[in-house]
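Note that the structure is predicted; figures quoted are calculated from it, not measured.
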Amino acid sequence: MEILLISGLSGAGKSRAAKYLEDMGYYTVDNMPAEMILRFAAFCAENGSRFDRVALVSDIRGGSEGFPSMLQTIQRLREKGISCHLLFLGADTETIIRRYKETRRMHPLMRRGDTIEDAARREEELLRPLREHADFVIDTTQMPSSKLRSELYSLFGDRTTENKLTVSVVSFGYKHGIPPEADLVFDVRFMPNPFYIPELREQTGLDAPVRDYVFSFEQTTAFLDKIEELFAFLLPRYSEEGKTMLIVAIGCTGGRHRSVAITRALAERIANMGYPTSENHRDMTRRDMSHG
């Protein structure tokens, strides 16, 4: 079992880091009191593989009383054969003040008459021993979310899936509405419509005769070549910005013929680029066909 303890300054991004670690397969708990860590570790050890990788956020919200014993707790966990490391997130005082002003939240150490700066400096002093003994320290001053995610992946991620963006390609019919969850939408109604070919009308874009008809036109292959070139440029940039899921919608009139064939072909091309890819045909089985 692996336990990663996350601590650091309020406003430094600990909760956000926990969310990224959850995406990487960690079971995460935010705001874990320091004195409960050993008991929670014992619970995880008794409950199987679900808790093989655990990330626990323990900070000033749980009270400062437990911090002196946290380093002892880490040592005791290691003596039990548990891989345990401490990640400390910090930022300069000016950045902490700015973030609290933007969110309009109260710093957990603020007392009556205190400024945010007073509370931030008091917390920095309280947590100094943890920072000095941390296995990993990340300073999030001027660090965008995508950079924090990248740093965490480089430290704790599965290198075979680092920065992997999952792409979902969805076919749809414009007569039934654009999928509201779509990030990118492409309209393929410019392609010749198999709906007007009687022997193809009752088939779908997954059937070979419809697929062959759609791809018998030079413009179809040209479109796919151009869109593949576009995605070869876009997908690495989305990954760099920390996006983990991209939903691409391909639409024709009814969502049964052209969009289905193009969705299948595009999903195959994206998968060949090395990205985890799925396809879904939202309107393919609808029977109220008045158009293709």
Side-chain angles (χ1 to χ4, degrees), residues 1-93 95-96 99-100 105-111 114 116 118-141 143 148 151-158:
M1 184 172 67
E2 173 191 350
I3 294 180
L4 177 64
L5 298 180
I6 307 170
S7 195
L9 302 179
S10 302
K14 300 182 299 298
S15 295
R16 180 172 294 168
K19 291 178 181 178
Y20 292 146
L21 289 163
E22 187 173 33
D23 291 340
M24 294 157 51
Y26 280 82
Y27 182 89
T28 64
V29 180
D30 197 359
N31 198 11
M32 168 71 70
E35 57 269 21
M36 290 183 60
I37 293 173
L38 280 174
R39 279 181 284 174
F40 188 78
F43 168 80
C44 293
E46 294 171 359
N47 284 274
S49 59
R50 179 186 176 192
F51 301 103
D52 279 348
R53 304 179 84 199
V54 176
L56 307 177
V57 180
S58 184
D59 56 26
I60 205 70
R61 291 172 295 172
S64 59
E65 298 82 3
F67 285 119
S69 65
M70 185 180 290
L71 296 175
Q72 296 176 11
T73 298
I74 293 172
Q75 184 60 35
R76 290 180 63 182
L77 289 170
R78 290 172 177 170
E79 290 171 357
K80 294 176 181 291
I82 297 173
S83 173
C84 183
H85 295 92
L86 174 60
L87 167 66
F88 189 97
L89 272 68
D92 65 27
T93 303
T95 299
I96 296 295
R99 290 174 181 172
Y100 268 97
R105 294 173 55 211
M106 181 176 289
H107 192 287
L109 288 184
M110 283 188 72
R111 305 168 184 162
D114 273 354
I116 298 174
D118 294 333
R121 294 196 183 281
R122 189 180 306 119
E123 183 183 34
E124 185 176 4
E125 199 58 38
L126 282 170
L127 271 58
R128 188 179 302 279
L130 288 184
R131 182 181 183 117
E132 292 174 350
H133 289 86
D135 299 289
F136 310 99
V137 177
I138 297 178
D139 189 329
T140 65
T141 303
M143 180 180 284
L148 174 59
E151 288 285 330
L152 293 170
Y153 264 98
S154 68
L155 291 171
F156 310 111
D158 180 351

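A donor atom on one side chain and an acceptor atom on the other are not found under 3.5 Å apart for Arg105 and Tyr100.
Minimum heavy-atom separation, Lys14 to Ser7: CD-C, 3.4 Å. Heavy-atom minimum distance, Thr73 versus Leu38: CG2-CG, 3.7 Å. Annotation for Leu9 and Ala91: closest pair CD1-O, 3.6 Å, computed over non-hydrogen atoms. Considering all non-hydrogen atoms of both residues, Pro129 and His133 come closest at O-ND1, 2.9 Å. Asp92 and Thr141 get closest at one heavy-atom pair: N-OG1, 2.8 Å.
Looking only at distances, a side-chain donor or acceptor of Arg53 sits under 3.5 Å from a matching main-chain atom of Met24. Here the side chain of Asp59 pairs no donor or acceptor atom with the backbone of Gly8 at under 3.5 angstrom. Under a 3.5 Å cut-off, the side chain of Arg122 and the backbone N or O of Leu109 do form a donor-acceptor pair.
Taken to the nearest 0.5 Å, the CG atom of Leu56 stands 8.0 Å off from the CD1 atom of Ile6. A distance of 11.5 Å separates CG in Leu5 from CZ in Phe136, rounded to the nearest 0.5 Å. One distance of note links CD of Glu2 with CZ of Phe156; it measures 8.0 Å at 0.5 Å rounding. Note that SG of Cys84 is 5.5 Å distant from CD1 of Ile3, once rounded to the nearest 0.5 Å. Here Glu35 contributes atom CD and Ser58 contributes atom OG; the two are 7.5 Å apart, rounded to the nearest 0.5 Å. Taking CD1 from Ile96 and CD from Glu123, the interatomic distance works out to 7.5 Å, rounded to the nearest 0.5 Å.
In this structure, Asp139 and Val137 have side chains that are not in contact, with every pair of non-hydrogen atoms separated by 4.5 Å or more.
Between Thr140 and the options Arg99, Arg16, Glu151, a side-chain hydrogen bond (donor to acceptor under 3.5 Å, both in side chains) holds for only Arg99. Shown are Val29, Thr28, Asp23; of these, the side-chain contact (heavy atoms from CB on, under 4.5 Å) with Tyr26 is made only by Thr28.
A salt bridge is defined here as a Lys NZ or Arg NE, NH1 or NH2 lying under 4.0 Å from an Asp or Glu carboxylate O, and Lys19 with Glu22 fails to meet this definition.
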